[in-house]
2 protein chains.
Amino acid sequence: MRDSDIPAIRFLPLFNEMAEESFSELVRGAYVQNFPPHMELIVEGDPCDFLHIVVDGSVELLANWNDRETTMTILREGATFILAAAIRDAPNLMSGRTLERSRVIMIPAEDVRAVFKKDHAFARAVVMELAYCYRGVIKGVKGLKLRTSIERLANYLLKLQKKMGGAESFTLSVEKRRLASILGMTPESLSRAIKALRPYGVMIDGQTVSITNPDDIRTLAKPTPLIDDPRS
Amino acid sequence: MRDSDIPAIRFLPLFNEMAEESFSELVRGAYVQNFPPHMELIVEGDPCDFLHIVVDGSVELLANWNDRETTMTILREGATFILAAAIRDAPNLMSGRTLERSRVIMIPAEDVRAVFKKDHAFARAVVMELAYCYRGVIKGVKGLKLRTSIERLANYLLKLQKKMGGAESFTLSVEKRRLASILGMTPESLSRAIKALRPYGVMIDGQTVSITNPDDIRTLAKPTPLIDDPRS
DNA sequence: TGCTACATTTGACATTTATCAATTATAACC
DNA sequence: GGTTATAATTGATAAATGTCAAATGTAGCA
């Protein structure tokens, strides 16, 4: 592993409290690799051999069943996957593939488990991370079960707007067909949902979103921190 | 807390590896209470003051949004909730209410966090528990996004049959309207889904399910451990 | 530039699921 | 045992969402 990649992850919440010695143990066995776009990094059902960390680029986590496929989430710089499988020494529940050229650190799952057993600070960090991820997925389920697809889209856009700094205009940063899958609908339905938001002052042209009247769409979206705030 | 309740939880995976001293610290501040049916134990959005453990009976975890409500899961003897919120000192993402008369142990969340900081064995157990729960929710999302409601029902029944020992005939143990909500559909749709499974050799009369031809329904359900096996 | 592959959109239609209202069944309680 | 409240089912219908095919748009590349 290149020295220049070490600081990139040392300061992630997952690693920044742990003992230097434990950290070096993790780093010692780690690989860094640059992957081309659309490279499959992990496969659903395979044993989890590595904890992955996205240093640069983006990775899609997806799941398949019976010839159907759904995108679970998209991970970017600083995100780790798949921690729960690595810790439990269990098979991956999701596949992972790069969306673009991406730089990924891979730490052998065995090392992660070994250090986790020894280093209390790391164990605590893993707890915080897992609890955070768990709550994220719960929020996702709530969205899926309690909202229609238009409501999910509306909330997604409001959340993205906030994340992008709050400007009226911002960019999607995900292909629409992938966004559709994340939101649990088909590309065609997303296309129609986008149209349905026009009367609420939401314009989407290509990758550019503009929300001309936030209050208007908020009455439809009814965002709540208990679903839509990633912190909280 | 009554002495007789202590062994009931000491041997749960979450507590059985921790130091005796840490365990007593948790027990010292804990309450045990018998709740009547339909008692609201925790409320979505409230701060998480206690880690709850179901000693006896059953508790429904549910979520609300915009006058809609959905059942997230039903917990029985030995289950804990809501660990992630307690650890992160975050608001509850779900409400919890008893379905029947239930005995519940409540450990102040503050104590849980304090012991978690001190006791490495407990921290490790929390990690394993959270990773397990996380994977459970991921499986739930996969079911919701990849399967139709009939397929979800079919798999639910196969899973329940296995859990009940594998006999041809077994009992539902959940009201149908709640089952419908768990599966992400209305009671009416569940009723129709049940009918739709008749040609596959599934009969449901009241609370009694019998699966006369398991192979038949399995071709429809296509169960996979990556969604349907709670272990794995 | 023009070609090509692929993403997106649109229209027509099918399927799935929800809603509403009415009926029937069930279980708790006096 | 009858009463009552609630759960479950059924039918009719509506709404939401998916499918398929075609048209249009877009980006990368020879």
Side-chain angles (χ1 to χ4, degrees), chain A residues 36-38 60 62 65-71 74 97 99-101 143-157 171-199 202-209 220-221, chain B residues 36-38 60 65-71 74 97 99-101 143-157 171-198 202-209 220-221:
Chain A
H38 309 122
E60 176 184 24
L62 50 102
W65 179 78
N66 194 25
D67 290 324
R68 297 169 211 167
E69 177 171 311
T70 190
T71 300
I74 290 174
R97 75 164 78 104
L99 288 178
E100 53 192 311
R101 199 182 131 78
L144 279 171
K145 292 181 77 177
L146 291 168
R147 287 174 170 160
T148 65
S149 55
I150 294 181
E151 289 163 346
R152 291 198 296 277
L153 171 62
N155 280 293
Y156 178 91
L157 293 174
T171 165
L172 269 184
S173 77
V174 195
E175 276 177 306
K176 283 183 185 153
R177 67 204 191 90
R178 252 172 273 276
L179 174 56
S181 186
I182 289 171
L183 296 176
M185 56 178 126
T186 59
E188 294 94 330
S189 292
L190 174 60
S191 192
R192 285 166 184 133
I194 288 172
K195 259 197 195 167
L197 289 183
R198 284 217 278 252
V202 178
M203 288 295 154
I204 303 187
D205 179 30
Q207 295 281 100
T208 308
V209 185
L220 169 73
Chain B
H38 308 121
E60 177 185 22
W65 179 78
N66 194 26
D67 289 324
R68 295 168 213 167
E69 178 171 309
T70 190
T71 300
I74 289 174
R97 75 162 81 104
L99 288 176
E100 53 192 312
R101 198 183 132 76
L144 279 171
K145 291 181 80 177
L146 292 168
R147 287 174 171 162
T148 66
S149 54
I150 293 181
E151 291 163 345
R152 291 198 295 276
L153 172 61
N155 280 292
Y156 178 91
L157 294 173
T171 165
L172 269 183
S173 77
V174 195
E175 277 177 302
K176 284 183 186 155
R177 69 206 190 87
R178 252 172 273 276
L179 174 56
S181 186
I182 289 170
L183 296 176
M185 55 178 126
T186 58
E188 294 95 328
S189 293
L190 173 60
S191 192
R192 286 168 184 133
I194 287 172
K195 260 197 197 169
L197 290 184
R198 285 217 278 253
V202 178
M203 287 294 153
I204 304 187
D205 178 31
Q207 294 283 100
T208 309
V209 186
L220 170 73

Rounded to whole Å, the CD-C1' distance (Glu151(A) to dT17(D)) equals 14 Å
Which protein N or O atoms sit under 3.5 Å from an N or O of nucleotides 19-22 of chain D?
from: dT19(D); atom 1: O4; to: Arg192(A); atom 2: NH1; distance (Å): 3.3
from: dC20(D); atom 1: N4; to: Glu188(A); atom 2: OE2; distance (Å): 3.1

Applying side chain to side chain contact (heavy atoms under 4.5 Å, CB included) to Lys176(B) and not counting sequence neighbours gives Leu172(B), Leu190(B), Ile194(B), Ile204(B)
Item to complete: Using a 4.5 Å cut-off on heavy atoms from C-beta on, say whether the side chain of Leu183(B) contacts that of Leu144(B).
Response: no
Q.
Would you say that Leu99(A) contacts Arg178(A) through its side chain, given a criterion of any heavy-atom pair below 4.5 Å between the two side chains?
A. yes
Rounded to whole Å, the CZ-C1' distance (Arg198(A) to dT9(C)) equals 11 Å
When rounded to whole Å, the NZ to P distance for the pair Lys195(A) and dT24(D) reads 14 Å
Protein-nucleotides 3-8 of chain C N/O pairs closer than 3.5 Å?
from: dA7(C); atom 1: OP1; to: Arg177(A); atom 2: NE; distance (Å): 3.3
from: dA7(C); atom 1: OP1; to: Arg177(A); atom 2: NH2; distance (Å): 2.9
from: dA7(C); atom 1: O5'; to: Arg177(A); atom 2: NE; distance (Å): 3.4
from: dT8(C); atom 1: OP1; to: Lys176(A); atom 2: N; distance (Å): 2.8
from: dT8(C); atom 1: OP2; to: Arg177(A); atom 2: N; distance (Å): 2.9

Tightest non-hydrogen contact, residues Arg152(A) and Gly184(A), listed as NH2-O, 3.5 Å
Fill in: Thr71(A) versus Glu60(A), side-chain donor and acceptor atoms under 3.5 Å
yes
To the nearest angstrom, the CG-P distance between Leu153(B) and dA8(D) comes to 14 Å
The side chain to side chain contact (heavy atoms under 4.5 Å, CB included) partners of Ser173(A) (sequence neighbours excluded) come to Arg76(A)
Computed from five pairs at either end and rounded to 10 degrees, the angle between the axes of the helix from dT1(C)-dA30(D) to dC30(C)-dG1(D) is 40°
- Item | Phosphate-side-chain proximity, Ser149(A) and dT17(D), N/O vs OP1/OP2 below 4.0 Å | yes
Separation of dG25(D) atom C1' from Ile204(A) atom CD1, nearest Å, is 16 Å
Separation of dT17(C) atom P from Arg147(B) atom CZ, nearest Å, is 13 Å
Can you find a heavy atom in the side chain of Val202(A) that is under 4.5 Å from one in the side chain of Leu157(A)? yes
Between Ile150(B) and Ala196(B), the two heavy atoms sitting closest are CD1-CB, 3.7 Å
| request: State plainly whether the residues Glu69(B) and Arg177(B) are in salt-bridge range, i.e. N to O under 4.0 Å. | output: no
For Glu151(A) and Thr148(A), the nearest pair of non-hydrogen atoms, with its separation, is OE1-N, 2.9 Å
Thr70(B) meets the side chain to side chain contact (heavy atoms under 4.5 Å, CB included) criterion, sequence neighbours left out, with Lys145(A), Leu146(A), Ala63(B), Met72(B), Ser181(B)
Separation of dT17(C) atom C1' from Ile150(A) atom CD1, nearest Å, is 16 Å
Asp205(B) atom CG is separated from dT26(C) atom C1', nearest whole Å, by 12 Å
